[in-house]
Amino acid sequence: MALVAGSWAPALWRLCNLLMAAFFALAASVQVNDPDAELWMVVYTIPAGLTLLVGLNPLVTGNFIWKSISAIHILFCIMWALGLGYYLLLHTRQNILHEEEGRELFGLVIIAVWMSLCRSSSKNPVGGRIQLAIAIIISLFPFISWIYIYINKEMRSSWPTHCKTVI
């Protein structure tokens, strides 16, 4: 039985969203040792919930409440990322991933990019091929990065204690 071209796209879009919901939930849960854990748990829990909803029902991105919450959160993440980026520009002494603010910056960028991708899917829940390819790459990136960082003990050696004990 041959698959109709593109019939796999909606399932793949949902899978990408479920993967990202899992990533955001995992990112929220590993914040327990962070000095400002409550803040970061909220920052990651909001996209975890919104993305889970998209994974369960891609048409939710057309809902006014979903769009409003995601727009506010994207704006918040972009503003915070710009502030962190400026701080890092002035104060970075080593690889950006060795700086806690650098890792925070990457988290905020991933949230803003993913939520923007979801918002842009409101007219076409699956999007085009390019949008789906971007979704696949973005949804795999955090997990591949975490595996790399977990394996690369040298990278974690300069991290603060609260970052080393969670993974």
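For the residue pair A81 and L105, the shortest heavy atom distance occurs at O-CD1, 3.3 Å. For the residue pair G55 and L18, the shortest heavy atom distance occurs at CA-CD2, 4.0 Å.
When atom types are taken as modelled, the side chain of N57 and the backbone of L53 share no donor-acceptor pair closer than 3.5 angstrom. A donor-acceptor pair under 3.5 Å links the side-chain atoms of R119 to the main chain of K67, judged by distance alone. A donor-acceptor pair is defined here as one N or O able to donate and one able to accept, closer than 3.5 Å; no such pair exists between the side chain of H73 and the backbone of I69. Side-chain N or O atoms of D36 include none that pairs as donor or acceptor with a backbone N or O of L39 at under 3.5 Å. At least one donor-acceptor pair under 3.5 Å links the side chain of T61 to the backbone N or O of P58.
Following chains of ILVMFWY side-chain contacts shorter than 4.5 Å, one cannot reach L117 starting from L75, and the two form parts of different hydrophobic clusters. Under a hydrophobic-cluster definition in which Ile, Leu, Val, Met, Phe, Trp and Tyr are linked whenever side-chain heavy atoms come within less than 4.5 Å, directly or via other members, I136 and W8 are assigned to the same cluster.
Atom CD1 of I130 is surrounded by 12 or fewer heavy atoms from other residues, nucleotides or ligands within 6.0 Å.
A donor-acceptor pair shorter than 3.5 Å cannot be found between the side chains of Q131 and S121.
Taking the side chain as every heavy atom from C-beta outward, L50 and F24 never approach each other to under 4.5 Å.
By the 30° and 60° cut-offs, the orientation of the rings of W40 relative to Y44 is tilted.
Rounding to the nearest 0.5 Å places CD1 of I137 at 10.0 Å from CG of L132.
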